[in-house]
S.K.: 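Could you have a look at this structure, given as structure tokens, before my questions?
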Amino acid sequence: MAAPVLTYEGCNFLRQRLILSTLSGKPVKIRKIRHKDDSPGLQEFEASLLRLLDKVTNGTVIEINETGTTLYFQPGLLVGDSIEHDCCTQRAIGYYLELLICLAPFTKKPLKAVLRGVTNDKLDPSVDVIKLSIFPVLKRFLGTDEGFELKINRRGAAPDGGGEILFKCPCRQKLRPVQFTDPGKIKRIRGVAWAARVSPAVANRIVDSTRSILNKCLPDIYIYTDHNKGSQSGKSPGFGLTLVAETTNGAFLSAESISNAKGSEDGPTIPEELGKNTAVSLLGEIYRGGCVDSFSQSLSCLLMTLGQKDVSKILTGPLSPYTVQFLRHMKDFFEVMFKIEPKQSAEEEDLNLGGEKLLLTCVGIGYQNLSKAIM
């Protein structure tokens with residue numbers, strides 16, 4: 001019997017709906033996509049996302065009406081294997097890579113993807129954040145370090161891009177239930193200060209200004225400088241900084257900033273200001289706390305839901321609006337509801353350590369990768 005078609009309106013959270021539709025096997029119909037705009041219908045970056053989904057799956061049916069304001073999506077089987085994709089430069093590679101990370105563990109063959117486009121912009125998580133912050137969460141649920149790779153072959157700043165990355169991910173038959181409720185204490189901070197088509201001194205200026213703030217909090221800080229030149233530097237000038245704080249129990253909290261794009265109305269960015277702002281953002285993320293940061297909340301919720309029929313628990317800081325909507329969609333597609341309760345230890349209350357924490361609990365649906373042969 002055919003699965004019921006879920007109907008939504010508007011262009012918001014299109015990527016969430018496509019991810020959950022593909023994993024649940026339920027077709028989805030989205031109406032009134034920017035129907036009142038001057039340029040109605042799907043944008044180029046959304047069409048590029050649909051083309052990428054088509055490459056990863058087999059048998060997917062995508063129907064778009066003439067104006068592009070109505071999309072019907074019927075998911076096929078996740079195949080994986082080797083793919084190459086030129087991403088639209090309206091959004092960064094991180095926009096497309098987050099979709100692949102959600103789907104890659106459940107493909108028939110291990111995924112090897114080469115994506116080209118913008119590696120760093122202000123809108124989407126950069127490739128560096130995904131490598132430093134989201135990868136450890138994925139490894140915790142898959143229970144392995146083997147087969148993971150995320151390599152930046154070329155940097156490509158906004159707006160023209162020119163970057164290229166290689167992403168490899170193993171596939172598993174089923175996920176592990178995870179109970180991760182004690183983040184521990186911050187033990188070290190690592191980071192990457194990158195610069196492309198600008199002076200090499202820019203990266204050093206970023207590091208010095210960042211250290212001027214973070215050295216007051218912690219001695220173990222190492223920020224790697226990555227200066228790209230020639231063919232490795234993409235088509236646009238830019239620079240940025242990604243920081244990640246690691247705790248004693250293996251939690252990773254990250255923050256990043258990037259310079260204004262070439263030709264931006266905001267004018268040029270001062271490297272020292274960017275370094276200080278990123279350091280303050282990281283301290284804000286540490287204050288919010290939890291075992292996963294804002295970038296990884298939605299992925300953690302998805303993998304908890306798809307785990308074995310056992311209880312999974314994870315401690316987070318305040319939920320981002322993106323994660324809140326993700327939980328609502330999870331109820332639509334998988335009929336799973338999370339138990340969310342505030343949790344603050346006695347020590348944290350006494351010392352006023354950080355913001356309010358939330359304990360997310362759910363029972364997995366026992367999702368299995370049917371394409372993966374049982375050894």
Side-chain angles (χ1 to χ4, degrees), residues 1-81 83-91 93-108 111 113 115 117 123-124 298-299 301-302 305-306 321-336 365 367-371:
M1 199 168 84
V5 179
L6 292 168
T7 306
Y8 294 98
E9 289 187 1
C11 61
N12 288 347
F13 308 106
L14 174 73
R15 190 174 47 161
Q16 288 186 11
R17 292 163 183 168
L18 294 177
I19 289 169
L20 295 174
S21 171
T22 306
L23 290 172
S24 65
K26 293 180 180 178
V28 66
K29 186 174 186 178
I30 302 170
R31 300 164 50 241
K32 297 183 179 178
I33 300 173
R34 300 186 184 89
H35 66 297
K36 292 184 179 179
D37 283 19
D38 294 336
S39 55
L42 292 167
Q43 298 288 330
E44 178 57 37
F45 68 89
E46 292 163 334
S48 180
L49 187 75
L50 288 167
R51 286 194 289 272
L52 176 62
L53 254 176
D54 196 38
K55 290 178 182 177
V56 180
T57 56
N58 184 16
T60 295
V61 177
I62 300 170
E63 295 175 3
I64 303 169
N65 70 350
E66 288 181 12
T67 56
T69 54
T70 301
L71 165 69
Y72 174 76
F73 178 83
Q74 182 178 324
L77 294 173
L78 280 165
V79 177
D81 211 2
I83 62 166
E84 290 191 20
H85 186 67
D86 293 325
C87 304
C88 175
T89 54
Q90 291 175 354
R91 298 294 290 260
I93 287 175
Y95 176 78
Y96 304 89
L97 195 53
E98 282 187 306
L99 174 129
L100 289 183
I101 285 172
C102 293
L103 302 179
F106 310 105
T107 55
K108 184 175 182 180
L111 183 65
L115 303 180
L123 201 55
D124 298 295
S298 56
L299 178 67
C301 294
L302 176 67
T305 301
L306 298 178
Y322 184 86
T323 308
V324 171
Q325 185 60 42
F326 203 83
L327 293 173
R328 290 175 183 151
H329 279 139
M330 212 95 73
K331 185 184 176 188
D332 293 346
F333 285 93
F334 291 110
E335 297 173 2
V336 169
I365 62 171
Y367 189 89
Q368 293 205 2
N369 183 355
L370 299 176
S371 304

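Since we're looking at a predicted model, the values are computed, not measured.
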S.K.: Could you list the donor-acceptor pairs under 3.5 angstrom formed by side chains in residues 19-29, with sequence neighbours left out?
M.R.:
from	atom 1	to	atom 2	distance (Å)
Ser21	OG	Lys26	O	2.5
Thr22	OG1	Leu18	O	2.7
Ser24	OG	Leu20	O	2.7
Ser24	OG	Lys26	N	3.3
Lys26	NZ	Phe333	O	2.8

S.K.: Just verifying a value: how many Å separate Thr70 OG1 and Ile64 CD1, rounded to the nearest 0.5 Å?
M.R.: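 Going from the OG1 atom of Thr70 to the CD1 atom of Ile64 covers 10.0 Å.
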S.K.: Are Phe13 and Tyr8, when compared by the centres of their aromatic rings, separated by less than 6.0 Å?
M.R.: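 Centroid separation for Phe13 and Tyr8: 6.0 Å or greater.
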S.K.: So do the side chains of Leu115 and Leu100 get within less than 4.5 Å of each other, counting heavy atoms only?
M.R.: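 Contact flag for Leu115/Leu100 side chains = yes.
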S.K.: State, with a plain yes or no, whether a side-chain heavy atom of Ile83 is found less than 4.5 Å away from one of Leu52.
M.R.: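 Yes, their side chains come closer than 4.5 Å.
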S.K.: What is the minimum heavy-atom distance between Ala104 and Thr107, and which atoms define it?
M.R.: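 Minimum heavy-atom contact is O-OG1, 3.0 Å.
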S.K.: Is there a donor-acceptor pair under 3.5 Å between the side chain of His85 and the backbone N or O of Arg51?
M.R.: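 Such a contact is absent between His85 side chain and Arg51 backbone.
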S.K.: To the nearest 0.5 Å, what is the distance between CZ on Arg31 and CG on Asn65?
M.R.: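 Here the interatomic distance stands at 11.0 Å.
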S.K.: Who passes side-chain hydrogen bond (donor to acceptor under 3.5 Å, both in side chains) against Thr7, sequence neighbours left out?
M.R.: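 Scan of Thr7 (side-chain hydrogen bond (donor to acceptor under 3.5 Å, both in side chains), adjacent residues dropped) gives none.
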S.K.: Within this structure, what is the CD-CD distance for the pair Gln90 and Glu46, rounded to the nearest 0.5 Å?
M.R.: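 Taking CD in Gln90 and CD in Glu46, the distance rounds to 8.5 Å.
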S.K.: Determine whether Leu97 and Ile101 make a side-chain contact, defined as any pair of heavy atoms from C-beta on separated by less than 4.5 Å.
M.R.: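 Side chain of Leu97 against side chain of Ile101, heavy atoms only: contact under 4.5 Å found.
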S.K.: Would you call Leu42 and Leu14 a side-chain contact if the rule is heavy atoms closer than 4.5 Å?
M.R.: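 A side-chain contact exists here, since the closest heavy-atom pair is under 4.5 Å.
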S.K.: Which distance, rounded to the nearest 0.5 Å, do you find between the CG of Asp332 and the CG of Leu6?
M.R.: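 Here the rounded value is 6.5 Å.
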S.K.: If you look at every heavy atom in Gly10 and Ile33, which pair is closest and at what distance?
M.R.: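 Heavy atoms only, the tightest pair is O-CG1, 4.4 Å.
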S.K.: Could you pull out all residues at least two apart from Lys32 that satisfy side chain to side chain contact (heavy atoms under 4.5 Å, CB included)?
M.R.: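 Glu9, His35.
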S.K.: Minimum heavy-atom separation for Glu84 to Lys55, with atom names?
M.R.: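 It is O-NZ, 2.8 Å.
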S.K.: With Asp86, which residues qualify under salt bridge (Lys or Arg N to Asp or Glu O under 4.0 Å), at least two apart?
M.R.: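 For Asp86 the salt bridge (Lys or Arg N to Asp or Glu O under 4.0 Å) partners, ignoring immediate neighbours, are Arg116.
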S.K.: Would you please name every residue forming a salt bridge (Lys or Arg N to Asp or Glu O under 4.0 Å) with Arg328, sequence neighbours left out?
M.R.: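 So Arg328 forms no salt bridge (Lys or Arg N to Asp or Glu O under 4.0 Å) with any residue.
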S.K.: What residues form a ring-ring contact (aromatic ring centres under 6.0 Å, His included) with Phe334, not counting sequence neighbours?
M.R.: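 For Phe334 there are no ring-ring contact (aromatic ring centres under 6.0 Å, His included) partners, ignoring immediate neighbours.
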S.K.: Quick check: do Cys102 and Leu299 have side-chain heavy atoms less than 4.5 Å from each other?
M.R.: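 Cys102 vs Leu299: side chains touch.
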S.K.: Give every residue pair that meets the salt bridge (charged side-chain N to carboxylate O under 4.0 Å, His left out) criterion with at least one member in residues 14-24, sequence neighbours excluded.
M.R.: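 Only Arg15-Glu98 qualify under salt bridge (charged side-chain N to carboxylate O under 4.0 Å, His left out).
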S.K.: Strictly by ring-ring contact (aromatic ring centres under 6.0 Å, His included), give each pair with a member in residues 42-67 just once, sequence neighbours left out.
M.R.: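 Listed once each, the pairs are Phe45-Tyr95.
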S.K.: With sequence neighbours excluded, tell me which residues meet ring-ring contact (aromatic ring centres under 6.0 Å, His included) with Phe326.
M.R.: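 Phe326: no ring-ring contact (aromatic ring centres under 6.0 Å, His included) contacts found.
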S.K.: For Asp37, what residues pass the side chain to side chain contact (heavy atoms under 4.5 Å, CB included) criterion, not counting sequence neighbours?
M.R.: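 Partners of Asp37 under the side chain to side chain contact (heavy atoms under 4.5 Å, CB included) test: Arg34.
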S.K.: Supply the atom-to-atom distance Leu53 CG to Thr60 OG1, rounded to the nearest 0.5 angstrom.
M.R.: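 Going from CG on Leu53 over to OG1 on Thr60, the span is 7.0 Å.
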S.K.: For residues 73-81, which side-chain N or O atoms pair as donor and acceptor with protein atoms under 3.5 Å away, sequence neighbours left out?
M.R.:
from	atom 1	to	atom 2	distance (Å)
Gln74	OE1	Tyr72	OH	3.0

S.K.: Quick check for you: to the nearest 0.5 Å, what is the distance between Lys36 atom NZ and Thr69 atom OG1?
M.R.: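 It is 13.0 Å, given to the nearest 0.5 Å.
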S.K.: To check you understand the geometry: which heavy-atom pair defines the closest contact between Ser48 and Cys87, and what is its length?
M.R.: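 In terms of heavy atoms, the two residues are closest at OG-CA, 3.9 Å.
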S.K.: Only counting residues at least two apart or in another chain, list the ones meeting side chain to side chain contact (heavy atoms under 4.5 Å, CB included) with Leu123.
M.R.: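 For Leu123, the residues satisfying side chain to side chain contact (heavy atoms under 4.5 Å, CB included) (neighbours in sequence not counted) are Arg91, Asp121.
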